[in-house]
**Student:** 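Sending over a structure as structure tokens; questions will come in a sec.
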Amino acid sequence: MQDGLQGVLKGQKIAYFSMEIGLRNEIPTYAGGLGVLAGDTIRSAADLKIPLVAVTLISNKGYFRQKLDTFGTQTELTEEWDPSNLMTRLQQEVSVKIQDREVKVHAWHYDCESLTGGCIPIIFLDTSVEGNSAEDRRITDYLYGGDQAYRLKQEIVLGIGGVRMLEALGFKVRKYHMNEGHSSLLALELLKRNGKECDKVKELCIFTTHTPVEAGHDKFDYGLVKDLIRDENDVDILRNFGGTDRFNTSLFALNLSNYVNGVTKRHSRVSCELFPGYSIQAITNGVHSYTWTCQYFRHLFDRYLPGWANEPELLVRVGGIPDDKIWEARRNAKKDLIDEVNERTGAGMDYETFTIGFARRMTAYKRATLILSDIERLRKINRRGKIQLIFAGKAHPRDEAGKQLIRDIFKGIEALRDEIKIVFLENYDMDLAAKLVSGVDLWLNTPTRPYEASGTSGMKAAHNGVVNFSVLDGWWIEGWIEGVTGWSIGPQPEEHLTGEEARLAEINDLYNKLYYIIIPMYYERKDEWLKLMNNSIGMIAYYFNSHRMMRRYVTHAYL
Ligand SMILES: *Cc1c(COP(=O)(O)O)cnc(C)c1O
């Protein structure tokens, strides 16, 4: 085990810190897009042999397993898993101070290996060790679980414990990359190690923000901060760089990083307005092409565009693949999904019907129910050309509005039962995501603007020739060419409508485009549909992948 680490200990590394990382289904240490992005980052770094080491929490009880009753009411079951089946326990021990206790932190080691021979070590921090109190042992149990105090303890372990563990393991770190503000306490540790010289720390730190609205940024009352971090000098530093009223983790990271970026061009502009006076660059997100391309398209690309997986730019030449081969891959992927849906739900969906997919975290701003706003119009669309809908997504245990969305979808399913087949698949995870983004015909995305900093599932869909139909927010502003790469829903990026005006415009556009453009094209003009499938691959996937993204991080931030 120690030998396994030898090879990767040489040379300097980028230390990539993330509260959640989605590596594979069996490692349930992710909740949604942020974690899956971290996983894609690591996979691309492995393929490209970028010297990187990742740090996260072990989340011994995972996020949660979703169970839904017949009304769509969600209950959360603990996701029991055993890291020892998949990773190795390391000998090293470090500690972090919480209140007056020295909380011991151990680590697990997992290697993300690439077919290119690259390999990225991931360090999972764990406090469930002998010598810690029962309460402290639980700090690394639940991803995004517990109250503010629990979260701050996790952030102490991740940020401060993470820096110490990397050192204990012998890693030489040249840059610390914070994926969202959760790990920003690492900068506190670095300040203390660098004689409180913030210029030195800034030289070391990179911060990627993912939140486009003020309320989304993690903030802690100083009463709580002082209770957990008793050292007055430390708290002074936090106030100095992280805000005087409350400790704002994003602000802290922002003040202590020389390179800061948002995850799309729009998001970095919005972030600049949120934090005036800071320079915030843009590196648009991407997804790991090989991971999110289904087997049928992998085979096709391997045959016609060899090398595509490590050079996704080659997808620009998708036009060289015979049309019937593209159709065949699409049909096979759709069949796999429909079979899975029927097996899970008994819904009796068929392979021919136009299938719309919507799967993401169930939270208010994503507006999963927008397409169900007007049941009568949906019926009319279904008479123009038959449709079926597939939903999936977990609501955070304390997100009541998100949970209500699931119940509302179930009501929609009931209301349309006799005419339109609609299903909600339980327990959205990476494997189900892969099936969905490759199996449907149209990938729907209806967030409230400007809340979607990026969004990535539409990029996954594009890799499989699945066409995007989305509100102009996040990445879609950069990917969208109307009628060429897919379709927009609602106002143009620069149009400023009020909340209700925008919503009505979006609903109208959504139904009108389905009725007049999308459904007729799918059923009656297959050649035009094929062109959109091709363009999804050749004009979206070739660019919106994490290989391009990581090369940007290397040249703009890491070097
Ligand atoms: C890709 C992915 C997401 C992110 O989807 P968005 O459309 O960006 O919200 C969330 N969860 C899982 C499991 C994913 O694979």
Side-chain angles (χ1 to χ4, degrees), residues 18-44 62-66 79 143-144 179-180 210-212 216 263-264 266-267 284-294 337 356-368 370 390-396 399 402 405 425-440 442-464 466 468-471 473-479 486 489 540-541 544-546 549:
S18 185
M19 183 72 120
E20 49 169 313
I21 298 184
L23 289 165
R24 48 193 268 198
N25 240 32
E26 301 76 21
I27 305 181
T29 58
Y30 65 94
L34 183 73
V36 175
L37 177 82
D40 285 349
T41 296
I42 290 164
R43 282 182 277 275
S44 279
Y63 183 45
F64 68 87
R65 174 166 286 276
Q66 180 190 52
E79 183 85 80
L143 177 61
Y144 303 133
N179 186 42
E180 192 52 297
H210 293 261
T211 317
V263 289
T264 56
R266 150 76 72 93
H267 174 233
T284 300
N285 278 342
V287 298
H288 189 253
S289 297
Y290 188 78
T291 298
W292 297 109
T293 300
C294 71
L337 173 66
I356 301 173
F358 184 106
R360 36 185 68 82
R361 283 185 302 115
M362 287 290 144
T363 192
Y365 86 82
K366 303 241 186 201
R367 293 194 303 186
L370 200 77
I390 306 175
F391 289 93
K394 296 175 179 179
H396 184 278
D399 185 350
L405 281 177
L425 302 179
E426 258 176 354
N427 204 42
Y428 188 47
D429 59 17
M430 286 175 68
D431 284 356
L432 182 55
K435 277 235 165 78
L436 280 166
V437 296
S438 58
V440 299
L442 189 75
W443 193 249
L444 181 68
N445 182 36
T446 50
T448 308
R449 303 187 309 165
Y451 287 72
E452 193 62 277
S454 166
T456 51
S457 60
M459 305 173 188
K460 302 171 191 167
H463 275 77
N464 298 282
V466 169
N468 276 277
F469 185 32
S470 169
V471 163
D473 201 13
W475 80 278
W476 188 232
I477 297 172
E478 293 164 55
I489 298 171
I540 296 179
F544 292 93
N545 57 74
S546 47
M549 176 185 82

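Every number for a ligand or one of its atoms is a count from 1 in the order of the listing. In this chain, numbering begins with 1 at the start of the sequence shown.
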**Student:** Do me a favour and list the nearest non-hydrogen protein atom to atom 10 (C) of ligand 1 with residue, atom name and distance?
**Tutor:** Gly33 N, 3.5 Å

**Student:** Taking 4.0 angstrom as the limit and counting only heavy atoms of Lys460, give me the atoms of ligand 1 inside it, by number and element.
**Tutor:** 1 (C), 2 (C), 3 (C), 14 (C), 15 (O)

**Student:** Does the separation of the ring centres of Phe469 and Trp443 fall below 6.0 angstrom?
**Tutor:** no

**Student:** At a 4.0 Å threshold, what atoms of ligand 1 neighbour a non-hydrogen atom of Ala433?
**Tutor:** 15 (O)

**Student:** Going by distance alone, is a donor N or O of one side chain under 3.5 Å from an acceptor N or O of the other, for Asp40 and Trp292?
**Tutor:** yes

**Student:** Provide, to 0.1 Å, the distance between atom 11 (N) of ligand 1 and the closest protein heavy atom, together with that atom's residue and name.
**Tutor:**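 The closest one turns out to be Tyr428 CE2, 3.5 Å.
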
**Student:** Which heavy atom of Asn445 sits nearest to which heavy atom of Ser470, and what is that distance?
**Tutor:**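 Nearest heavy atoms, Asn445 then Ser470: ND2-OG, 3.0 Å.
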
**Student:** Between Trp292 and ligand 1, find which residue part has any heavy-atom pair under 4.0 Å and reply side chain, backbone, both or neither.
**Tutor:**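 Near ligand 1, Trp292 shows its side chain, while the N, CA, C and O stay back.
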
**Student:** Between the side chains of Thr291 and Arg43, is a donor N or O closer than 3.5 angstrom to an acceptor N or O?
**Tutor:** yes

**Student:** Should you measure from each heavy atom of Val36, which atoms of ligand 1 turn up under 4.0 Å away?
**Tutor:**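 Atoms satisfying the 4.0 Å criterion: 12 (C), 14 (C), 15 (O).
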
**Student:** Taking C-beta and beyond as the side chain, do Thr41 and Ile21 meet within less than 4.5 Å on heavy atoms?
**Tutor:** no

**Student:** Looking only at distances, please establish whether an N/O atom of ligand 1 is found under 3.5 Å from an N/O atom of Arg360.
**Tutor:** yes

**Student:** Can you list the ligand 1 atoms lying under 4.0 Å from a non-hydrogen atom of Thr456?
**Tutor:** 1 (C), 4 (C), 6 (P), 8 (O)

**Student:** Using a 4.0 Å cut-off to any heavy atom of Asp429, which atoms of ligand 1 qualify?
**Tutor:** 13 (C)

**Student:** Please could you name the atoms of ligand 1 that Gly455 approaches to less than 4.0 Å, counting only its heavy atoms?
**Tutor:** 8 (O)

**Student:** What are the two closest non-hydrogen atoms of Tyr30 and Val36, and how far apart are they?
**Tutor:**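 That closest heavy-atom pairing would be CD1-CG2, 4.2 Å.
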
**Student:** Glu452 and salt bridge (charged side-chain N to carboxylate O under 4.0 Å, His left out): which partner among Arg266, Lys366, Arg361?
**Tutor:** Lys366

**Student:** Report, in ascending order of atom number, the atoms of ligand 1 lying under 4.0 Å from any heavy atom of Lys366.
**Tutor:** 6 (P), 9 (O)

**Student:** Could you check atom 7 (O) of ligand 1 against the protein and tell me its nearest heavy-atom contact, residue, atom and distance included?
**Tutor:**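 Protein heavy atom with the smallest distance to atom 7 (O) of ligand 1: Ser457 OG, 2.4 Å.
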
**Student:** Compare all side-chain heavy atoms of Val440 with those of Leu337 and state whether any distance is below 4.5 angstrom.
**Tutor:**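 They are in contact (side-chain heavy atoms under 4.5 Å apart), so the answer is yes.
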
